[in-house]
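To keep things clear, I will list the structure first and then write my remarks on it.
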Amino acid sequence: MYSVGQLAKRTGVTIKTLHYYEQLGLLCPSRDPKSGYRKYCEEDIMKLQEISVLKEMGFRLSEIQAIMEKSSPPQPVETATTVKGQAWKTVIARQLEAVHAKQEHLQYIETLLTTVQYALEVTDHVNIEEIMRFIKELNAPEKLSREQYRSGYFTEVELHKLPNLKNDDPLALEWAKLLNDIRSHMNEPPDSPDSRRLAAQVMEISDKLFSDDEELSLKYWEFIRPRDGEAPSLYGMSREVMDYIERILDHYIDSE
């Protein structure tokens with residue numbers, strides 16, 4: 001058992017912070033029946049470790065509280081080493097799950113920033129309405145659900161085959177230029193020369209991105225299609241843009 005001062009000294013977490021965690025209900029130590037002083041046991045240290053890891057990852061305290069409440073709490077630490085080990089395994093596994101989800105969320109943000117960067121390079125213009133929808137989505141509760149959905153939508157093999165364009169990938173800039181071209185011709189009929197040219201370019205880039213895996217390409221297309229009220233999964237890929245691309249592809253394939 002450790003007093004609040006001892007715990008603060010050994011962990012580097014200030015006494016004021018420990019008191020604040022208790023006030024929020026995140027960390028509630030027992031009290032000495034005689035003196036009333038706080039006493040922290042190994043289970044409390046386990047919780048403090050989890051709070052510290054999640055906070056370092058950028059989670060707000062309210063989010064940390066939700067994560068800890070949503071998961072089954074570890075069993076009380078007893079004297080048996082096996083029981084202690086199992087409790088720690090539970091907590092560490094929960095933290096790793098949160099780390100992986102956070103990594104996927106950061107990758108999503110990286111994709112957003114990269115595609116906006118390409119849009120600026122190609123057109124020197126950004127669609128403010130789309131940016132505001134992205135901001136709304138990023139600030140919405142349960143904002144990790146899309147990444148969790150991605151893992152449930154694709155198999156492990158498919159996840160490794162999905163395109164992951166980096167800043168220096170020329171194919172990403174090629175797609176950004178094509179997307180800008182598409183947006184400027186969206187009012188044209190699917191049988192116009194420009195629409196046919198754009199359809200052929202879309203198919204060519206798609207083959208490069210998915211290594212001619214048409215089934216995965218179609219599955220990814222359905223995955224990135226914005227649901228009702230959602231921002232585009234990829235910058236510029238609104239429902240209107242995707243509907244136009246589908247129309248010109250259908251006409252192009254039928255006419256071949």
Side-chain angles (χ1 to χ4, degrees), residues 50 53-54 56-59 63 67 70-71 89-122 130 133-134 137-138 140 142-180 182 198-227 230-239 241-243 245-246 249-250 252-253:
E50 183 167 21
V53 169
L54 296 176
E56 181 66 22
M57 289 168 54
F59 286 103
E63 294 173 322
I67 291 172
K70 186 181 297 183
S71 305
K89 287 178 183 178
T90 300
V91 173
I92 297 300
R94 189 163 69 196
Q95 292 169 41
L96 285 172
E97 182 180 354
V99 168
H100 296 156
K102 193 71 171 182
Q103 288 173 334
E104 291 183 353
H105 182 60
L106 290 174
Q107 187 175 11
Y108 165 67
I109 296 175
E110 180 185 11
T111 300
L112 164 62
L113 294 175
T114 301
T115 50
V116 172
Q117 182 183 50
Y118 288 141
L120 285 169
E121 291 177 356
V122 174
E130 289 189 5
R133 285 198 296 270
F134 270 115
E137 184 171 318
L138 289 175
E142 300 295 337
K143 55 178 174 283
L144 294 179
S145 59
R146 173 166 285 277
E147 286 71 28
Q148 294 166 348
Y149 174 55
R150 177 186 174 110
S151 298
Y153 192 87
F154 297 100
T155 66
E156 285 296 325
V157 174
E158 289 172 338
L159 286 171
H160 285 92
K161 293 171 66 176
L162 289 178
N164 184 22
L165 302 179
K166 300 298 183 180
N167 291 345
D168 57 350
D169 194 325
L171 192 57
L173 185 57
E174 183 181 347
W175 169 249
K177 291 179 178 178
L178 176 58
L179 185 58
N180 181 57
I182 287 171
L198 293 171
Q201 288 180 272
V202 169
M203 293 185 65
E204 181 181 356
I205 291 184
S206 177
D207 289 341
K208 293 177 182 178
L209 287 172
F210 296 95
S211 303
D212 296 322
D213 189 334
E214 184 178 352
E215 183 177 348
L216 180 59
S217 173
L218 292 173
K219 190 173 182 179
Y220 183 74
W221 183 263
E222 288 304 315
F223 175 74
I224 66 172
R225 179 186 293 278
R227 280 71 180 171
E230 283 188 350
S233 298
L234 298 177
Y235 180 82
M237 295 296 286
S238 64
R239 290 186 69 119
V241 170
M242 295 185 72
D243 287 344
I245 293 175
E246 287 179 347
L249 285 177
D250 288 343
Y252 182 81
I253 293 171

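Here the structure is a predicted model, which is why all the values come from computation and not from measurement. Note: hydrogens, waters and symmetry copies are ignored here, and every other heavy atom, side chains too, is used.
- Using a 4.0 Å cut-off between a side-chain N of Lys or Arg and a carboxylate O of Asp or Glu, Lys208 and Glu204 qualify as a salt bridge.
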From CA spacing to verdict: side-chain contact (heavy atoms from CB on, under 4.5 Å), Glu246, Leu249 = CA-CA 5 Å; Glu246 287 179 347; Leu249 285 177; 5.8 Å; no
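- Rounded to the nearest 0.5 angstrom, Leu171 CG and Ile205 CD1 are separated by 6.0 Å.
- Take Asp207 and apply the side chain to side chain contact (heavy atoms under 4.5 Å, CB included) test, not counting sequence neighbours, and it matches Asp212.
- Leu218 pairs by the side chain to side chain contact (heavy atoms under 4.5 Å, CB included) definition with Glu214, not counting sequence neighbours.
- For Asp243 and Arg225, the salt-bridge test passes: some basic side-chain N is under 4.0 Å from an acidic carboxylate O.
- Of the possible donor and acceptor atoms, none in the side chain of Glu56 sits under 3.5 Å from a partner among the backbone N and O of Val53.
- In this structure, Met203 CE and Tyr252 OH are separated by 6.5 Å, a value rounded to the nearest 0.5 Å.
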Report the C-alpha separation of Met237 and Trp221 in whole Å, then their side-chain angles, then the decisive distance to 0.1 Å, and conclude whether the side-chain contact (heavy atoms from CB on, under 4.5 Å) test is met.
-> CA-CA 10 Å; Met237 295 296 286; Trp221 183 263; 3.7 Å; yes
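- How far CG of Leu198 is from CD1 of Ile245: 9.0 Å, rounded to the nearest 0.5 Å.
- Of the inter-residue distances, the one linking Lys219 atom NZ with Phe210 atom CZ reads 12.0 Å to the nearest 0.5 angstrom.
- More than 12 heavy atoms of other shown residues, nucleotides or ligands fall within 6.0 angstrom of atom CE in Met242.
- To the nearest 0.5 angstrom, Leu216 atom CG is 6.0 Å from Lys161 atom NZ.
- Going from atom CG of Leu178 over to atom CD of Gln201 covers 5.0 Å, rounded to the nearest 0.5 Å.
- Classified by interplanar angle (parallel below 30°, tilted 30° to 60°, perpendicular above 60°), the ring pair Phe154/Phe223 is perpendicular.
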